[in-house]
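Order of the sequence lines fixes the chain letters, A, B, ..., with proteins taken first and strands second; residue numbering starts at 1 for each chain. Every value quoted in this text rests on a predicted model; they were computed, and no experiment measured them.
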Amino acid sequence: MRQTQAFMPTMKEIPSEAQIVSHQLMLRAGLIRKLASGVYEFLPLGYIVLKKVEQIIRAEMNAAGAQELLLPALQPRELWEETGRWEIYGAEMMKVIDRNKRYFGLGPTHEEVITDLVRQEVKSYRQLPVILYQFQTKFRDEIRPRFGIMRGREFIMKDGYSFDKDEAGLNINYQKMAQAYKNIFTRCGFDFRMVQAGSGNIGGNLSHEFMALANTGEEAIYYCDACQVTLKAKESEEAQPATVEKQICSKCQKEMQYSRGIEVGHTFNLGTKYSAKMKATFLDEKGESKPYIMGCYGIGVSRIVAAAIEQSHDDHGIIWPRQISPYQVIVLPLDVTNEPVKVGAEDLYTALKNKGVEVLLDDRDERAGVKFKDADLIGIPVKVIISARGLAESRIEIKLRKTGEVFKLNTEEALSKIKELI
RNA sequence: CGGGGCGUAGCGCAAUUGGCUAGCGCGCACGGUUCGGGUCCGUGAGGUUCCCGGUUCAACUCCGGGCGCCCCGACCA
């Protein structure tokens with residue numbers, strides 16, 4: 001992509017509405033813009049990142065045997081009354097009325113819809129298990145939307161649902177999903193912890209949250225460096241209300257670390273909570289009618305983008321983890337009015353594109369400083385600098401966003417170095 | 001919903017006790033200049049001062065009502 005043609009508005013100043021760094025940088029780097037409180041537009045650069053995150057999740061979900069589908073956001077009231085959640089969800093659910101005065105909810109989650117679908121099609125234990133998932137815009141009329149995209153009223157979620165004939169089957173799928181989640185968050189470049197949690201509005205008796213560690217997180221956890229034990233701060237205080245300062249690991253007796261966390265994923269053991277109420281049943285080996293044993297697996301896709309920035313930035317801007325960076329490389333001709341510099345950059349840009357590299361060319365007639373600042377702000381991991389100075393000694397400069405490390409190489413070496421870096 | 005803050009050009013801000021043509025920086029357009037970390041100079045465009053009503057000779061400013069946005073809390077896959 002050429003920057004002269006890109007819709008990529010960056011800002012020098014920090015909009016006063018943004019308090020936390022990810023929100024500030026998402027606005028400044030031109031990833032998002034606000035339409036209303038808790039409602040955001042994804043601009044091209046932000047949307048590329050969102051799609052990269054989606055692609056990682058999709059790959060891992062598919063690898064774990066889940067199948068992607070797409071369910072409606074518009075959901076009839078009657079379905080929600082089957083589970084009683086039309087009342088329970090209450091004001092949190094956005095509602096619309098059609099021309100015949102029929103009520104619909106804008107889906108804040110999809111247990112009812114998916115259970116309705118499966119109960120109509122899956123009648124036998126022979127058809128189980130099945131895991132279905134989707135990427136979808138969810139609507140929740142949050143009491144207080146905040147921190148930009150972190151807690152929005154409209155956001156992108158990956159929600160998956162497993163249906164099993166028994167608890168043993170659910171446990172297997174639950175483990176599979178937990179492993180898929182670990183793979184996903186690792187690939188997203190996160191420092192994260194998995195922690196057992198309460199299950200809130202979704203229900204069931206067991207759930208795990210996946211927390212990306214960040215001091216702006218809305219949650220608080222204790223985790224043990226020595227072993228895997230992790231717990232939510234709230235629950236640890238309930239267990240040991242007296243000890244405020246220190247939390248000792250129950251397993252290895254060491255002092256635990258405290259951290260804030262951003263909830264990027266949540267898995268639930270639902271059991272028969274929805275299937276029972278919705279009479280969603282199948283016939284087992286003995287011909288007996290049984291409700292499906294369900295699990296539910298959510299990931300805040302858009303929230304991941306914000307969380308990644310919270311974990312990876314500096315004073316100059318975003319530092320994208322390689323796997324979700326909108327571009328792998330940015331080519332910076334420092335003076336496009338200098339013909340050799342311009343041509344050199346164009347040639348390199350073309351060469352990289354032909355090799356399948358995701359490359360952004362800053363072909364704007366701007367000063368070097370402006371280009372450096374913008375490149376750092378939008379956080380592309382590898383900068384390739386073409387200048388008269390470098391050309392004079394037949395050298396191309398490669399500079400890494402994260403470490404500032406510099407390589408000065410000839411064109412051929414530069415191409416292979418880039419290949420090695422991305 | 002309780003508490004707090006804010007609303008003036010795309011962004012960040014200013015405008016004395018109510019008083020002059022509502023300014024400044026950034027950004028934007030044009031011209032020149034400069035060219036390795038947001039150059040410098042000049043010219044210019046851009047405003048329903050959130051909305052409605054009131055007080056007044058006069059309202060960005062005061063009063064009433066409404067709307068919107070942000071923060072803390074409660075809440076929350």
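Nucleotides B/G18 and B/C57 are separated by 12 Å at their C1' atoms, to the nearest Å. Between the C1' atoms of B/U21 and B/U34, the separation comes to 36 Å (whole Å). Rounded to whole Å, the separation between the P atoms of B/U8 and B/C52 comes to 16 Å. Taking atom P in both B/G27 and B/G65, the straight-line distance is 42 Å, to the nearest Å. Distance check on atom P: B/G3 versus B/G19 gives 32 Å, rounded to whole Å. The C1' atoms of B/C71 and B/U61 are separated by 26 Å, rounded to the nearest whole Å. Between the C1' atoms of B/C28 and B/G38, the separation comes to 16 Å (whole Å). Separation of the P atoms belonging to B/C60 and B/A15 is 15 Å when rounded to the nearest angstrom.
Residue A/Y103 qualifies as open at atom OH: its count of foreign heavy atoms under 6.0 Å is 12 or below. When the shell of 6.0 Å around CD of A/Q120 is examined, it contains more than 12 heavy atoms from other residues, nucleotides or ligands. Residue A/K353 places its NZ atom among 12 or fewer non-hydrogen atoms of other residues, nucleotides or ligands, all under 6.0 Å distant.
Listed nucleotides: B/C70, B/G36, B/C35. Nearest to the side chain of A/L334: B/G36. In this structure, the nucleotide among B/C71, B/C76, B/C70 sitting nearest to the side chain of A/R151 is B/C76. The side chain of A/S16 lies closest to B/C13 when the candidates are B/A74, B/C13, B/C11. Closest to the side chain of A/K12, out of B/C26, B/A74, B/C69, is B/C26. Listed nucleotides: B/C70, B/C76, B/G38. Nearest to the side chain of A/L377: B/G38. Here the side chain of A/V370 is nearest to one of B/A74, B/G38, B/C70, namely B/G38.
A salt bridge is absent between A/R389 and A/E397: the closest approach of a Lys/Arg side-chain nitrogen to an acidic carboxylate oxygen does not fall below 4.0 angstrom. With respect to the salt-bridge test (charged N to carboxylate O, under 4.0 angstrom), the residues A/D363 and A/K342 do not qualify. Salt-bridge check for A/K232 with A/E209: passed, with a basic side-chain N closer than 4.0 Å to an acidic carboxylate O.
Between A/E92 and A/A368, the residue anchored closer to the 5' end of RNA chain B is A/A368, taking for each the nucleotide with the nearest heavy atom. Sequence order on RNA chain B of the closest nucleotides to A/D374 and A/G298 puts A/D374 first from the 5' end.
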Protein N or O to nucleotides 23-25 of chain B N or O, pairs below 3.5 Å:
residue, atom, partner, partner atom, Å
B/G25, N2, A/E13, OE1, 2.8
B/G25, N2, A/E13, OE2, 3.2

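The residue A/I14 sits close only to the backbone: its heavy atoms come under 4.0 Å of sugar-phosphate atoms, none of a base. Backbone-only contact: A/E263 has heavy atoms under 4.0 Å from sugar-phosphate atoms and none from a base. Among the protein residues, A/N338 comes within range of no part of the nucleic acid, since none of its heavy atoms lies under 4.0 Å from any strand. If you check every strand for non-hydrogen atoms under 4.0 Å, A/R28 touches a base. Note on A/A388: nothing from the nucleic acid sits closer than 4.0 angstrom, heavy atoms only. Using a 4.0 Å heavy-atom distance criterion, A/K34 is classed as a sugar-phosphate-only contact. At the heavy-atom level, A/K158 lies nowhere under 4.0 Å from the strands shown. Among the protein residues, A/F147 comes within range of the sugar-phosphate backbone only, with heavy atoms under 4.0 Å from sugar or phosphate atoms but none that close to a base. Looking at heavy-atom distances under 4.0 Å, A/S387 makes contact with a base.
When the C1' atom of B/G36 is taken as reference, atom NZ of A/K399 falls 9 Å away, rounded to whole Å. Atoms NZ (A/K138) and P (B/C76) sit 19 Å apart, rounded to a whole Å. Atom CZ in A/R367 sits about 8 Å away from atom P in B/G38, given to the nearest Å. Separating the CG atom of A/L27 from the P atom of B/G10 is a distance of 16 Å, rounded to the nearest angstrom. For the pair A/I262 CD1 and B/C76 C1', the computed distance is 15 Å after rounding to whole Å. As rounded to whole Å, 15 Å separates atom C1' of B/G38 from atom CG of A/D315. For the pair A/F268 CZ and B/C76 C1', the interatomic distance rounds to 11 Å; values are reported in whole Å. Summarising the geometry, the separation between CG on A/L391 and P on B/G36 is reported as 13 Å, rounded to the nearest angstrom.
Note: A/I57 CD1 to A/F135 CZ = 5.0 Å, rounded to the nearest 0.5 Å. Here the straight-line distance linking atom OG1 of A/T216 with atom CE of A/M150 works out to 5.0 Å at 0.5 Å rounding.
The aromatic rings of A/Y40 and A/H23 stand perpendicular to each other, their planes meeting at an angle above 60°, with 30° marking the opposite boundary.
Under the side-chain contact (heavy atoms from CB on, under 4.5 Å) test applied with A/E54, the options A/V49, A/I299, A/V301 reduce to a single match, A/V301.
Judged by distance alone, the side chain of A/S312 and the main-chain N or O of A/I309 form no donor-acceptor pair under 3.5 Å.
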Between A/H208 and A/Y174, is a ring-ring contact (aromatic ring centres under 6.0 Å, His included) present by the stated rule, with each step listed? CA-CA 10 Å; A/H208 291 88; A/Y174 195 90; 5.7 Å; yes

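With hydrogens and angles left out, the side chain of A/R146 and the base of B/C71 share no donor-acceptor pair within 3.5 Å. Put simply, the side chain of A/D376 and the base of B/G37 share a donor and an acceptor less than 3.5 Å apart.
Counting only Watson-Crick and G-U wobble pairs whose two key distances fall under 3.5 Å, RNA chain B forms stems of three or more stacked pairs at B:1-7 with B:67-73, B:10-13 with B:23-26, B:28-32 with B:40-44, B:50-54 with B:62-66.
For residues 296-305 of chain A, the side-chain hydrogen bond (donor to acceptor under 3.5 Å, both in side chains) pairs, not counting sequence neighbours, are A/S162-A/Y297.
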